[in-house]
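Okay, structure first, notes after.
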Amino acid sequence: MKKKQTTSKNGEYNHLKIEPKWRKIWDKKKINQTKDKSKSDKFYVLDMFPYPSGDGLHVGHPRGYIATDVYSKYKRMHGYNVLHPMGWDAFGLPAENYAIKNKIHPAVAMERNVKRFKEQLSIIGLGYDWKREINTTDPNYYKWTQWIFLQLLKKGLAYESFEPINWCPSCKTGLANEDLDGPNCERCGTLVEKKPMRQWVLKITDYADRLLADLDSEDYIMPKVIDKVNPHQPGKPLVKRYVAHAIVFDPRNKKYLIIRNKKFGWDTVIIGGIEAGEDVVKTARREVQEETGYVDIEFKRLLGGQTEAHYYTKHKGENRIAYAQAAYFELKSDKRAPIADGEDKDNEIIWVEEKDFVPGKMVNSELPIWLKRLKDPNLGWPKPLLNWSESIKEAQRNWIGRSEGSELWFNLKNSEEKIRVFTTRPDTLFGVTYVVLAPENKLVDSLKPLIKNWAEVEKYRESVKAKTEIERTAVDKNKTGLRLSGVEAKHPLTKEILPVFIADYVLNNYGTGAVMSVPAHDERDYSFAKKYNLPVKEVVVPYFTKSEKDRDQARSDKETVRRTTAYALVMDKKTNKFLCLDWEKFGWHSGIIGGLDDGESFQAAALREIREETGYVNVKYIRELGGEQHNHFFAAHKDVNRYGIGRGMLFELVDDKKIPTTEAETKNHKAVWIEADKMEGWLNLEAFKYMWQVYKTGSECFTGQGILINSGNFDGMDSEEAKKEITDLADGKQKVTYRLKDWVFSRQRYWGEPIPVIHCEKCGAVPVPEKDLPVELPNVKFYEPTGTGESPLAAISKWVNTKCPNCKGKAKRETNTMPQWAGSSWYYLRYIDPKNSKALVDKKKEKYWMKNGVDLYVGGTEHATRHLIYARFWHKFLFDIGVVSEKEPFRQLKNQGMILGSDSRKMSKRWGNVINPDEVIKNVGADTLRVYEMFMGPFDQEIAWSTDNMVGSRRFLEKVWKLQDRVVNKRVVENIEFEALLHKTIKKVTEDIVDFSFNTAISAFMILVNLAEKNEITKTEYETILKLLAPFAPHMTEEIWANLGHKKSIHLEKWPEYDEKKTISEKVVIIVQINGKPRANFEMPVGSNQAEVEKVALAREDVYKWLAGKQVKKKLFLKERILALITD
RNA sequence: GCCGGGAUGGCGGAAUGGUAGACGCAAUAGACUCAAAAUCUAUCGAUCGCAAGGUCAUGAGAGUUCAAGUCUCUCUCCCGGCACCA
């Protein structure tokens, strides 16, 4: 695209002149430097800092940086003290590999790259505070990375391990699980090997539960309901208290529990001070009971905020503010305990409807706000602790992989050893038919004396070891295994003797490395059992109803009536149809269902019902199919919540022979044969569909929930309920297992932080004393990895050989270095206090800047299970040792979508589709680049670059530039239309920036400017537009701002406010819909009522012609929008 | 297989349940120009129609509603996470 010639009285829009000029002035005036302290609220905006690669930036990289820059400038214009820093994550393999190839020290290469990156970032006009620049390879920085490691070591969270780890033969280093892409090295794609070696490991698993739980935690520290206490009692001091409110709702009458004070005549919800050892819910519950006696209340959720304590203010002459949280309960029954003494003397307990919560009448004037919040979680309450996208949270949940289950023991025959197994399905214990150990399980070695086929075992173990990771995790699920002859396990409950196998489908590093196999209810066990001819014992039959949710719903509202019922499904194999009943009188259809007679079995009852209701006699029993079924008929038609606790019995039709049926049985229905997929709308649909499904697939392996059979005393019990009971009976314990593994923290490479440990022959691994930090990375001649499990540092004897800090004897330094993720796990803290040599971060500064964490963090999704997990782990650890004051580092996270090449492939040298921002900026200017990147599509979506499309953004800026010629001091004729649009635009742009919907913000600008260029525009209006646009196009707006005669930078101006009243135009378009179709539209004055609109509408030809000869049956009117007419 | 997110013109994409396609790009015609570029003015989902206007259209199918891209169910496909995880 060529440079355009756009001129105004202030000359052409020459970005080449304007942009560098203003950047220089901004630097000189230090407008981007952040003050450490300020009376204003802080706002911390952070980008994921880059690895400064040798290739420089392409246009995809700055997308997120531009967004944060827009956001920072926007926040600064709101008066916030904004921190928006940048730095370099400069340790890592590429620099090292480059060094090896070109014999240039990585530090030298990095310095060059950083310089280039910085230049590229600055010409985009990104307002970073470069005074706070950090670099992970700076010894003054990594001193603190090492310090954190020492603290982890002190707390036992860093340990040496000799377990086999992932080893990349190409990078010649050990890797953490997070560094893998499936079975391959995430960096170079090489297949990793398992290699036993000494390594440092961080115990991230200790934090697994908290890392998981806080993904779903809610944040109860609430923005305010009110800002200030009204000065009811001027001059009196402000008293603060923490109180709990209880909102009790009776869902049956849709009424709320209220206390009416007889003396003062005011109403209030129940309020009480929080006493020591109590939480909000506890206090609220206690107060409800004390003041009203209601005990059967169910806690639903917390609400909260800061409220004015009117009672105290009005009646006790105190200006009291209450930091309140409200617990919302629902009343389950009218059960009441006696009310505490005296509590009811002054008070009356009443139930009121929501409409009675009117400010003024109620003491709790903020209640309407709470109730609104109760219904709309988006209104802000309660907020998730982490305002992150669901997909990132889900990725972390998957990565952590928590599963709840039980640990059970299987005793062995002829041995004192026990096999410990982990299972998530203890309810299927009665279905265990064999036990399997992982081939590597150490128990196999202990059992050697017992094992008669040891030679074979060894052979099998060898063959498993020889298998590559690919073969073992291959999709083909052909299981192999070997029976340990001579080893037999005893079933903990039935005392049955069970065979024991080793098989490679059992992984040694998950759970206990051993499983109890339940072929009937686990697919892996099932295919293994089939292959080795092991018995399959069914112990759970499914519920008919689709989901647990359906069952609970059916159960919850009405008292449940239970009946024992048999369901019969009769298949005709020849026609693929099955037998149903057509109830002619009632107009509905059902399957064959019948209650059990005394002493009758399910099978017998089903057979009897088939015969009685349809007359068929020759049917063959196939199998049992199901369990409990909510009886829709009774629930829907008789208003009874009835359950058929039943079993489905599958039969096959042998022949058509029928006996006569009795009149009584069949007067209401007749037997019909129906195809399974034609059953829509039938009674018991789910049950019969399910039975049909099972029959069709012939599956014998059922992995869902259901009810227990063949399980001794547990028969008939819900499988979920049975989990705990069976675990208890089998003397097991409930246990939680994680997929997450401890973080392998050693790298056998040069370019990383040295691990600050000294190995002494006498004292073992000794931490380097904190005063000796940093342990600086020495210069080496050769950076090549050794491949021996030592890093190249091992060759520098001068550095390696040292004294033991403990005994002063001979000792050697640890030569492993830290992974690249170390420095980035805490960098956001260092920007706050980058030069501090005494502490990682000053306590006061941390408190100020990290209150509520980093307010906005922006980066790519690729860090979901790596950086973002590690940083959360370290932050929680730093919280535990008192270094930081909040439990999560990044409260709000936004992910930018990647910008692809114009060929929709990832931008890469390999495809030759890389667009360099420097070029773009030279051609069209940084402001155009910024506007285009924000306009091209939703921020979080992947999108292809298009230089053609960029023209639109440039044209838009030129239009804004040319508006300079249309500025008048005062318009002769008022232009209400334009004024309304301007206020709407302020509103829209403001909201869109907050939502990260930059594309629609720009679009709103374009609409406004398209209208402005057809009109005169006042100076004030123009200034408003410029201020709104300043975060997006900082250079151009600054230039025009100066042209308008301003001395102070536009970026230090106040953000424009909109007037809600002015966003409303005088006229609105009313749409007339006739039978749902829009048929006419016309303008009406704002505020027109239905009669006025109808009068105009019915007089119109285009409305009348659709109504001619018809009767208007129904009218609907939506004020200022729609008139809907429905004819017959 | 389990979980999360998607699917709208030629393209990027807009739409608190209320005129689907805002805004931008491309395209077509016209103005300006010797000409081109730039700029300006119009047109721009498909289809029937000279027109007025009608009909059909938001991955497919059903449902709820006066009204569905939006809500509910079923299905297809695409992207992402996990996966022999007991």
Side-chain angles (χ1 to χ4, degrees), chain A residues 2-6 182 389-403 405-406 421-426 428 436 438 472-479 503-507 509-518 521-525 527-528 680 703 737-740 861-862 864-865 897 931-932 935-938 940-953 955-956 958-959 962 997 999-1010 1013 1069-1081 1101-1102 1105 1113-1116 1118 1121-1127:
Chain A
K2 272 192 183 167
K3 194 183 75 177
K4 311 294 183 321
Q5 305 271 313
T6 296
S389 73
E390 193 47 43
S391 60
I392 298 269
K393 284 187 181 179
E394 191 57 25
Q396 294 208 348
R397 282 186 208 112
N398 286 340
W399 190 261
I400 295 165
R402 180 190 153 101
S403 62
S406 299
V421 301
F422 172 73
T423 177
T424 55
R425 292 296 302 269
T428 62
V436 189
R472 262 191 90 162
T473 57
V475 198
D476 94 274
K477 310 234 164 147
N478 194 11
K479 313 249 175 309
D504 65 352
Y505 80 92
V506 175
L507 306 175
N509 62 359
Y510 183 80
T512 60
V515 304
M516 58 177 230
S517 284
V518 190
H521 305 292
D522 181 286
E523 277 170 26
R524 293 152 302 175
D525 297 338
S527 67
F528 190 81
E680 288 303 332
T703 56
T737 301
Y738 299 94
R739 200 205 69 101
L740 183 75
T861 50
E862 68 274 17
T865 55
V931 169
Y932 174 58
F935 179 62
M936 59 197 303
D940 55 0
Q941 208 164 95
E942 206 172 68
I943 202 157
W945 178 264
S946 160
T947 301
D948 282 349
N949 281 6
M950 199 164 50
V951 179
S953 302
R955 282 183 194 146
F956 161 67
E958 280 170 5
K959 284 181 187 178
K962 281 192 290 186
S997 305
N999 55 332
T1000 48
I1002 303 281
S1003 142
F1005 272 124
M1006 288 172 167
I1007 295 167
L1008 180 72
V1009 170
N1010 286 346
E1013 66 174 0
V1069 176
I1070 303 283
I1071 293 139
V1072 183
Q1073 288 185 356
I1074 296 162
N1075 294 331
K1077 287 194 191 260
R1079 294 302 186 187
N1081 67 78
E1101 160 73 15
D1102 52 4
K1105 74 174 186 188
K1113 221 169 54 183
K1114 201 170 157 192
K1115 295 174 194 166
L1116 279 134
L1118 265 93
R1121 282 158 77 192
I1122 299 273
L1123 176 68
L1125 304 172
I1126 299 99
T1127 68

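Order of the sequence lines sets the chain letters (A, B, ...), proteins ahead of strands, with each chain counted from 1. What's counted below: heavy atoms across the whole structure, side chains too, no hydrogens, waters or symmetry copies. Note that the structure is a prediction, hence the values are computed from the model and not measured.
When every heavy atom of A/Gly511 is checked against every heavy atom of A/Phe422, the shortest pair comes out as CA-CB, 4.1 Å. Considering every non-hydrogen atom in both A/His521 and A/Thr703, the closest pair reads O-CG2, 3.5 Å. A pairwise comparison of heavy atoms in A/Pro938 and A/Asn999 identifies N-ND2, 3.6 Å as the closest pair. The nearest pair of heavy atoms linking A/Tyr505 to A/Ser517 is OH-OG, 3.3 Å.
Picking from B/U19, B/C66, B/A86 the nucleotide with the shortest atom distance to the side chain of A/Asn1081 gives B/U19. The side chain of A/Ile1007 sits closest to B/C23 out of B/A14, B/C23, B/C82.
Base pairing annotation: B/G17 forms no Watson-Crick or G-U wobble pair, as no partner gives both donor-acceptor distances under 3.5 Å. Judged by Watson-Crick or G-U wobble contacts below 3.5 Å, the nucleotide B/G80 has B/C3 as its partner. Nucleotide B/C25 has B/G10 as its partner under the Watson-Crick or G-U criteria, with both atom distances under 3.5 Å. The partner of B/U58 cannot be assigned: no Watson-Crick or G-U wobble pair with both contacts below 3.5 Å exists in any strand. The nucleotide B/C71 finds its pairing partner in B/G63, both defining distances of the Watson-Crick or G-U wobble pair being shorter than 3.5 Å. Pairing for B/U39 goes to B/A31, judged as Watson-Crick or G-U wobble with the two contacts each under 3.5 Å.
Residue A/Asn1075 is classed as a sugar-phosphate contact, given heavy-atom separations below 4.0 Å to backbone atoms only. Within the nucleic acid shown, A/Asn1010 comes within 4.0 Å of sugar-phosphate atoms alone, with no base atom in reach, counting heavy atoms only. If you check every strand for non-hydrogen atoms under 4.0 Å, A/Val518 touches nothing.
Judged by distance alone with a 3.5 Å cut-off, no donor-acceptor contact links the side chain of A/Lys1114 to the base of B/C66.
For the pair A/Lys479 and A/Phe528, the cation-pi test (distance below 6.0 Å, angle within 45°) is failed.
Atoms CD (A/Glu862) and P (B/C79) sit 18 Å apart, rounded to a whole Å. The separation between A/Phe422 atom CZ and B/A86 atom P is 7 Å, rounded to whole Å. To the nearest angstrom, C1' of B/A26 lies 8 Å from CG of A/Asp948. B/C85 atom P lies 15 Å from atom CE of A/Met516, rounded to whole Å. Atoms CD1 (A/Ile1122) and P (B/U65) sit 19 Å apart, rounded to a whole Å. If you measure from atom OH of A/Tyr738 to atom P of B/C82, you get 19 Å, rounded to the nearest angstrom. Regarding A/Ile1074, its CD1 atom lies at a distance of 17 Å from the P atom of B/C66, rounded to whole Å. For the pair A/Ile1002 CD1 and B/A14 P, the computed distance is 13 Å after rounding to whole Å.
Comparing B/U8 with B/A22, their C1' atoms sit 13 Å apart, to the nearest whole Å. Using atom P as the reference point in both B/G61 and B/A26, the two lie 35 Å apart (nearest Å). Spacing between B/C11 and B/C3 at atom C1', rounded to whole Å, works out to 33 Å. B/G54 and B/G59: their P atoms are spaced 25 Å apart (whole Å). Using atom P as the reference point in both B/A14 and B/C71, the two lie 16 Å apart (nearest Å). B/A57 and B/G21: their C1' atoms are spaced 11 Å apart (whole Å). Remark: the separation of the P atoms in B/A38 and B/C25 is 12 Å, to the nearest Å. Across the C1' atoms, B/C66 and B/A42 are found 38 Å apart, a figure rounded to whole Å.
Between B/A83 and A/Arg524, no contact under 4.0 Å exists linking OP1 or OP2 to a side-chain N or O. Put simply, A/Arg955 has no side-chain N or O that comes within less than 4.0 Å of OP1 or OP2 on B/A38.
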Step by step, work out the side-chain contact (heavy atoms from CB on, under 4.5 Å) result for A/Leu1123 and A/Ile1071.
CA-CA 6 Å; A/Leu1123 176 68; A/Ile1071 293 139; over 6 Å; no

Decide side-chain contact (heavy atoms from CB on, under 4.5 Å) for A/Leu1116 and A/Ile1122; before the verdict, give the C-alpha distance in whole Å, the side-chain angles of both, and the deciding distance to 0.1 Å.
CA-CA 8 Å; A/Leu1116 279 134; A/Ile1122 299 273; over 6 Å; no

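Under the 3.5 Å distance criterion, with hydrogens and angles disregarded, a donor-acceptor pair is assigned to the side chains of A/Asn1075 and A/Thr1127.
Side-chain atoms of A/Val518 and A/Arg425, non-hydrogen and from C-beta on, never get closer than 4.5 Å to each other.
Of the two residues near RNA chain B, A/Asn509 and A/Thr865, the one whose nearest nucleotide lies more 5' is A/Thr865. Each of A/Ser403 and A/Ala1004 was matched to the nucleotide of RNA chain B holding its nearest heavy atom; the match closer to the 5' end belongs to A/Ala1004.
Every residue meeting the side-chain contact (heavy atoms from CB on, under 4.5 Å) condition with A/Glu394, not counting sequence neighbours, appears here in chain and number order: A/Glu390, A/Arg397, A/Asn398. Partners of A/Asp525 by salt bridge (Lys or Arg N to Asp or Glu O under 4.0 Å), not counting sequence neighbours: none found. By the ring-ring contact (aromatic ring centres under 6.0 Å, His included) test, A/Tyr932 is found to be paired with A/Trp945, residues two or more places apart in sequence or in another chain being considered.
One N or O on the side chain of A/Ser946 and one on the backbone of A/Asn949 form a donor-acceptor pair closer than 3.5 Å.
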Distances under 3.5 Å between nitrogen or oxygen atoms of protein and nucleotides 7-13 of chain B:
unit_1 : atom_1 : unit_2   : atom_2 : d
B/G12  : O2'    : A/Met936 : O      : 2.6
B/G13  : OP1    : A/Gln941 : OE1    : 2.9

Please write out each protein N/O paired with an N/O of nucleotides 2-6 of chain B under 3.5 Å, distance rounded to 0.1 Å.
unit_1 : atom_1 : unit_2   : atom_2 : d
B/C3   : O2'    : A/Glu394 : OE2    : 2.3

Please tabulate, one pair per line, each protein N/O and nucleotide N/O from nucleotides 54-57 of chain B that are separated by under 3.5 Å, including the distance.
unit_1 : atom_1 : unit_2    : atom_2 : d
B/U55  : OP1    : A/Arg1079 : NH2    : 3.3
B/U55  : OP2    : A/Arg1079 : NH1    : 3.2
B/C56  : OP2    : A/Lys1077 : NZ     : 3.2

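Using a 30° and 60° split on the angle between ring planes, A/Phe1005 and A/Phe956 fall in the tilted class, from 30° to 60°.
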